[in-house]
Amino acid sequence: MADPATSVYFGVPGYAVLWALTLVSFFLFGRRVERYIGVLRKARPEVRWNEPWRRMRMFAIYVLGQKKMFGERAIGAAHFLIFWSFVFYASSFFWNLIRGLLPFLPIPYTDSVRWMAAVLELFGVLGLVALIVAAVRRYVFTPPRLERSKDASLILTLIAVVLITSLAGSMTESPQIYAAMWWLHMATVLGFLAYLPYSKHMHLLASPFGVFFGTLREGGIPAASEGASRREEFTWRELFNGLACAECGRCDRSCPCFDAGLPLSPKMLMHHVKELVRNGGGNGDFAGGVVKAEEIWACATCYSCMERCPVFNEHIPVIVEMRRHLVSKGEVEPRVQEALMNFTRYGNSFGTSPRARAKWIQGLDFKPKDARKEPVEYLWFTGDYASYDPRLQPVTRSAARLFRKGGVDFGILYEEEQNSGNDARRVGEEGLFEMLRDKNLKALGKAKFERIVTTDPHTYHALKNEYGEGNGAVLHYTELIDELLKSGKLPLERRLEAAVTYHDPCYLGRYNGIYDAPRRVLSTLGAKLVEMPRNRARAHCCGAGGGRIWMEDTPGVKERPAENRVREAATTDGVSTLAVACPKDLVMFQDAVKTTGLEGRLAVRDLIELVEECTAQ
């Protein structure tokens, strides 16, 4: 067949027409991308070039392998096929573009290369089937928060045109049809390329880079700053979130605060960031203005949005930056302000003297060692709620008795232990976090120990991931109890003959991947573990994290996250006990059982209580 690039159209050679289209397309594309790069370069610097091999591995798994998408089965497979069809057709396009622009080169078009033509036909058919599945999902069985916008419809149409024109051109015997399909294909792709940076589908280009430059620390908090409200006050990676966002709504569908009716929408937050990058922030405040203060404070920092995001967007760091800005302006709820003042004065959120921290030991028939005065194998960092809350102190004493019974050589810091600072940091008080961290590190420096154990997942995360190196191994108590049961140091006196469901704490599960140890403990006890529909990485948050435990509910709340969760547990087949492994979960869920009228139907028990019952003589 005649070469479309060397054919003459109204006296103009085809390659000249192709050059004109290409230059216009690349100019429009390049001008917009250059503007985005200029915006990112003016933002605060942030190191995201480290550990390149680890980043390449993430890219291979989550971009090339589309791992996160496969959690949704049919649409995951469809997305995988669309992605790889896009990759092959993009490769084919640029191959053909070079051949068309430089027709003197001794290279054939892709449809003249047998293996390439076969691959393109295969992915063309599969890609069209996948597009139909995606279209049916978007327009017929539309998931919540997935928009049926004109922009999305245009993109689906353009992709379909690209696939159809390539297939039609490769299958026809007519030179006229072949040339028409070839030109329509090339013009569509060049138009597509010029249009992308100006549309919400910039994510098609940005999202692979979003994965490559994703955080290597689960739940990583941005470096200390005065907060951010203007465009240049955010880091370049925080702004890049907006460009990478596909607005698919997965973050909203997984957000417990959005589900409860709180004003936060993680998807809209990313949309606002995108508009900040595209249109600038002017002289007005982004934090507290474009994004309302009540939205910023609604987040429980449960990490669900980030865990579900297929393009590795980082919602929580953006929220923390804006909280820092609000804190610097004094725009903080009274109860949050009170908690922060208590941290400053007393080292705990309860406003209680540090000397009262170890009062929980009253009622024990032994006194835990003082790790500051004698060496221990395990330093037990008990945490505020386990130490001070009278509802939780019996559980703390149960843990102490179990450690002693299992032969654990442990001690505590008594009055020198301070709050770990996890919530203070996520509220936006970075300076307060640093003060608490430094005081705790000083106390830890006085003690001689091999490992740290804690009963609080929030404390666990801070000590393990945010205090730096040199503290030794950090364990959650479920990991230690699991070791003691496996080794036989905690022999069982009776079995737990009951159906139990287990709630994964956010800071133990999503943040740190500790899912199996608590379940092994329950299994060892003889319990029948019945999983709730939302479990492990998709567990629903109790709503207490990120300082939310100190905040008042805003008007319009449909159902608190904790109430939603206990209803889910109560309707799980045969379950009468909800096991937890976090002090805040125990408090939140026990209160929720009362407010939902589930008393008598669902008991909320800490895992440590169940273990003590099964090991007591």
Side-chain angles (χ1 to χ4, degrees), residues 1-7 13-26 28-30 33 59-60 63-66 77-132 134 154-197 201 203-209:
M1 293 186 185
D3 184 349
T6 57
S7 298
Y15 63 82
V17 176
L18 188 60
W19 268 105
L21 292 174
T22 302
L23 290 174
V24 170
S25 175
F26 279 40
L28 293 173
F29 175 87
V33 170
F59 185 90
V63 177
L64 303 183
Q66 298 280 293
H79 204 280
F80 178 83
L81 291 174
I82 293 171
F83 170 79
W84 277 103
S85 297
F86 182 85
V87 169
F88 278 107
Y89 274 85
S91 303
S92 169
F93 165 76
F94 284 106
W95 180 336
N96 287 336
L97 182 65
I98 293 172
R99 170 64 179 80
L101 293 173
L102 306 171
F104 56 83
L105 291 177
I107 57 175
Y109 288 115
T110 54
D111 54 8
S112 298
V113 180
R114 183 172 299 176
W115 68 268
M116 187 67 174
V119 169
L120 289 172
E121 288 182 9
L122 173 63
F123 274 93
V125 173
L126 293 176
L128 284 172
V129 172
L131 274 178
I132 293 170
L154 178 60
I155 293 297
L156 286 175
T157 301
L158 288 174
I159 294 174
V161 170
V162 168
L163 298 178
I164 291 169
T165 53
S166 179
L167 285 171
S170 65
M171 294 178 179
T172 186
E173 298 293 331
S174 168
Q176 290 81 11
I177 295 177
Y178 173 80
M181 292 297 102
W182 191 91
W183 278 109
L184 182 56
H185 179 85
M186 300 301 285
T188 299
V189 176
L190 288 170
F192 195 6
L193 185 65
Y195 168 72
L196 275 182
H201 286 276
H203 77 272
L204 293 173
L205 301 173
S207 57
F209 296 98

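Just so you know, residue 1 is the first one in the sequence shown, and it goes up from there.
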On a heavy-atom basis, which atom in Tyr178 and which in Pro4 lie closest, and how many Å separate them?
CE2-CG, 3.9 Å
What's the shortest heavy-atom distance between Ser25 and Ala194, and which atoms?
OG-N, 3.7 Å
Of all heavy-atom pairs linking Pro108 and Ser112, the shortest is CB-CB, 4.0 Å
Close side-chain approach of Trp19 and Leu101, heavy atoms under 4.5 Å
yes
Taking the side chain as C-beta and beyond, is there a heavy-atom pair between Ile159 and Phe192 under 4.5 Å?
yes
Nearest 0.5 Å, what's the CZ-OH distance between Arg99 and Tyr109?
4.5 Å
I need the Tyr89 OH to Leu167 CG distance, nearest 0.5 Å.
4.0 Å
Are any of the side-chain heavy atoms of Asp111 and Leu120 separated by less than 4.5 Å?
no
Could you give me the CA-CA distance, side-chain angles and deciding distance for Val113 and Trp95, then say whether side-chain contact (heavy atoms from CB on, under 4.5 Å) is met?
CA-CA 11 Å; Val113 180; Trp95 180 336; 3.9 Å; yes
Per-pair distances, 0.1 Å, donor-acceptor, side chain in residues 180-191, under 3.5 Å, sequence neighbours excluded:
from, atom 1, to, atom 2, distance (Å)
Trp183, NE1, Tyr9, OH, 2.9
His185, ND1, Val162, O, 3.1
His185, ND1, Thr165, OG1, 3.1
Thr188, OG1, Leu184, O, 2.6

d(Phe83 CZ, Leu64 CG) to nearest 0.5 Å is 5.5 Å
Of all heavy-atom pairs linking Pro197 and Phe29, the shortest is CG-CD1, 3.4 Å
Show your reasoning for whether side-chain contact (heavy atoms from CB on, under 4.5 Å) applies to Val129 and Leu81.
CA-CA 9 Å; Val129 172; Leu81 291 174; over 6 Å; no
Does the Thr172 side chain pair with the main chain of Ile177, one donor and one acceptor, at a distance under 3.5 Å?
no
Under 6.0 Å from the OH atom of Tyr195, do we count more than 12 heavy atoms belonging to anything else shown?
yes
Atom CG of Leu193 and atom CG of Leu21: how far apart are they, to the nearest 0.5 Å?
12.0 Å
Please find the pair of heavy atoms, one from Gly124 and one from Leu163, that lie closest to each other, and give the distance.
O-CD1, 4.1 Å
From NE2 (His201) to OG (Ser207), nearest 0.5 Å
11.5 Å
Specify the closest pair of heavy atoms between Gly127 and Ser85, including all atoms of both residues, with the distance to one decimal.
CA-OG, 3.4 Å
If you count every heavy atom of other residues, nucleotides or ligands that lies below 6.0 Å from His79 atom NE2, does the total exceed 12?
no
Quick one: CG on Leu18 to CG on Asn96, what's the gap to the nearest 0.5 Å?
10.0 Å
Any side-chain to backbone donor/acceptor pair from Glu121 onto Ala118? Under 3.5 Å, distance only.
no
